[in-house]
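Any value given below was found using the heavy atoms of this structure, including those in side chains, with hydrogens, waters and symmetry copies removed.
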Amino acid sequence: MSSDPFFSDGGLRRGRLGTAHLVFFTVAASAPLTVLGGGVTTMYAVSGNIGAALGYVLLAAVLAVFATGYAAMSRYVANAGAFYAYIANGLGRAGGVAGSAVALAAYNAIQIGLYGLLGAILGDFMDAKTGISLDWWVWALLAWVFIGALGVLRIDLNATVLAVLLILECVAVLIFDLVAFANPDGGTVTTAGISPGHLFGAGFGAVLAFTIASFTGFESGAIYSEEVKDPRRTVARATYIAVAFTGLFYAFSAWALTVLTGPENAPAASAEAGPGIIFGALDQYTGAVVADIANVLFITSVLAALLSFHNGVARYLFALGRERVLPGFLGATSSRSGAPVAGSLVQSVLAVVVFLAFAMTGRDPVIDLFTWLSGAAAVGVVLLMTLTSASVVGFFRGRPGPESAWQRAIAPALGTVLLTAVLLVLLFNFDALLAPDTASYLKWLLPAIPVAAGVVGLIWGAILRTSRPDTYRRIGQVTEEGLHEPGLHEPGLHPAPEADRWAGAHHR
């Protein structure tokens, strides 16, 4: 280990996270109160689909199929690069590099976009409650300092912060749900908001586009697989819990909104008031104090998502630096906390440069910065999951093991087909995620960002194969114990002797 008091090559700290920690990270990334206040209301306003709540259940079912193969493969591949390592071991090393590029583009996009949302809502709240009026980017900069500081601290401390914020925001959402069902429009609770007949009508494509964006982050558990106590089980458990919880919770809360306003009124009310529906109802039925607390939790919900995605990007950069796919300094960790400090600092620098660039050019923090980048991120994450699902099939082909045919072939193949369909729906309805007056070319340019990143990654992987074969051989194979090649074979590439010894010890 390095003698430097801050930087180290000692790697991430193992055994600090359990299933509950991972659930907090994955659910916090999708930010329940942000989804209800921002995502659900916008979904109703844009789509006009009064059965949209059921879309969360439908997509959760698709993601559960994906999670089957994903969870099975997580027992064999424990790498902070997560999908990068999965794709490398299932579809080839160059494919893994392409996947890592898509992941970095997608997770950086949503993380940076969230600074715009946070700056806007925090600025509005402070102006209304204290009279302090500052530009949105000033508040974003304060949040950036906070996130950057937490990013280089112990991962279990991060998990504790996220746990507190997540529990409080879920309580706020539940209070709204109870208020809605206790005060239904017309005095009667109606199930029209969860009717399949309404869901599969006009605006269905837009509903899927918004529900996909709401789930972004649920799949991030594998990023922490080197830091969990039991990598063979923890990632799978956390992923299943995250899918089930978010799918049902979001569907129930979206339904609650239609109960409060009346299903036929939900689109118009959402278009007129947006998040005000939520906080206005809390103010009316529970009092101003509860509404103010919910507003604060709305802000901390975005803050929690920022921290979760920041940690994810930092670990992707760490894994790529450790394997020399990117510059080696990115593999540095803190000698005190074990955090991927180099990756954390690089992510922080990238974030501040981008959101300050939007500020200096006078772009709107929500309509432009948040909406543009979160839309691009949604495309990237679905593309990444599609490639990962296909990689599970490749990984288990010809590999003996206790997994059933459903886990190793049927579910991941079905998941690949379903996710491809979801990706196509998202692409054809991408303009639903943008403001009506957005330049038409952005409908194609924004979703092209993660795709272009994948192409660049694929080219870089091919270059590594010919110019740096030793680095290429290690792609997706390195963990803290050393070089681990769990079964990937490509022509002309052979496991190193130490890899055979490590793999034997690992499976004994």
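- A donor-acceptor pair under 3.5 Å links the side-chain atoms of N311 to the main chain of L307, judged by distance alone.
- Not a single donor-acceptor pair under 3.5 Å links the side chain of S389 to the backbone N or O of T386.
- With hydrogens and angles disregarded, a donor-acceptor distance shorter than 3.5 Å links the side chain of S348 to the backbone of S344.
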Kindly list each side-chain donor-acceptor pair under 3.5 angstrom involving residues 275-289, sequence neighbours excluded, with atom names and distances?
from : atom 1 : to   : atom 2 : distance (Å)
D283 : OD1    : A288 : N      : 3.4
T286 : OG1    : L282 : O      : 2.4

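- Checked by atom type and distance alone, the side chain of T361 pairs as donor or acceptor with a backbone atom of F358 at under 3.5 Å.
- Under the 3.5 Å distance criterion, the side-chain polar atoms of R322 are left unmatched by any main-chain donor or acceptor of G331.
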What side-chain donor-acceptor pairs closer than 3.5 Å can you find for residues 97-106, not counting sequence neighbours?
from : atom 1 : to  : atom 2 : distance (Å)
S100 : OG     : V97 : O      : 2.6

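- T438 places no side-chain N or O within 3.5 Å of a backbone atom of L434 that could act as its donor or acceptor partner.
- The two residues Y44 and P267 come nearest to each other via the heavy atoms O-CB, 3.4 Å.
- Ring geometry, Y70 versus F66: the interplanar angle falls under 30°, so the pair is classed parallel (tilted spans 30 to 60°).
- With a 4.5 Å cut-off on side-chain heavy atoms, E323 and Y84 count as touching.
- With hydrogens and angles disregarded, a donor-acceptor distance shorter than 3.5 Å links the side chain of T246 to the backbone of A242.
- Within the structure, ring-ring contact (aromatic ring centres under 6.0 Å, His included) contacts touching residues 119-140 (residues at least two apart or in different chains) do not occur.
- A pairwise comparison of heavy atoms in W460 and V325 identifies NE1-O, 2.9 Å as the closest pair.
- Nearest heavy atom pair, residue A143 against residue Y115, reads C-CE2, 4.1 Å.
- Here ring-ring contact (aromatic ring centres under 6.0 Å, His included) pairs that include residues 368-388, with residues two or more places apart or in two chains, number zero.
- Sorted pairs that involve residues 109-123 and meet salt bridge (charged side-chain N to carboxylate O under 4.0 Å, His left out), not counting sequence neighbours, are lacking altogether.
- Expressed to the nearest 0.5 Å, how far CD1 of I112 lies from CG of L373 amounts to 7.0 Å.
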Under 3.5 Å, which donor-acceptor pairs do the side chains of residues 440-453 form with other protein atoms, sequence neighbours left out?
none

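- Distance check: Q111 CD to Q347 CD gives 4.0 Å after rounding to the nearest 0.5 Å.
- Between the R468 side chain and the L464 main chain, no donor and acceptor come within less than 3.5 Å of each other.
- Other residues, nucleotides and ligands contribute over 12 non-hydrogen atoms within 6.0 Å of the CD1 atom of I241.
- Remark: Y56 engages Y250 in a ring pair (Phe, Tyr, Trp, His ring centres under 6.0 Å) (not counting sequence neighbours).
- Within the structure, the salt bridge (charged side-chain N to carboxylate O under 4.0 Å, His left out) test picks out the following pairs touching residues 291-301 (sequence neighbours left out): K129-D292.
- If you take NE2 on H310 and CZ on F146, they are separated by 11.5 Å, rounding to the nearest 0.5 Å.
- In terms of the side chain to side chain contact (heavy atoms under 4.5 Å, CB included) criterion, residue partners of V173 (sequence neighbours excluded) are, by chain and number, L33, L36, D177, F249, S253.
- A432 approaches A206 most closely through the heavy-atom pair CB-CB, 3.7 Å.
- Across all their heavy atoms, A209 and N429 have their closest contact at CB-O, 4.3 Å.
- For residues 352-380, the salt bridge (charged side-chain N to carboxylate O under 4.0 Å, His left out) pairs, not counting sequence neighbours, are R363-D368.
- The salt bridge (charged side-chain N to carboxylate O under 4.0 Å, His left out) pairs that include a residue from residues 160-175 number zero, where partners must be two or more places apart or lie in different chains.
- Residues meeting the ring pair (Phe, Tyr, Trp, His ring centres under 6.0 Å) test with Y240, sequence neighbours left out: none.
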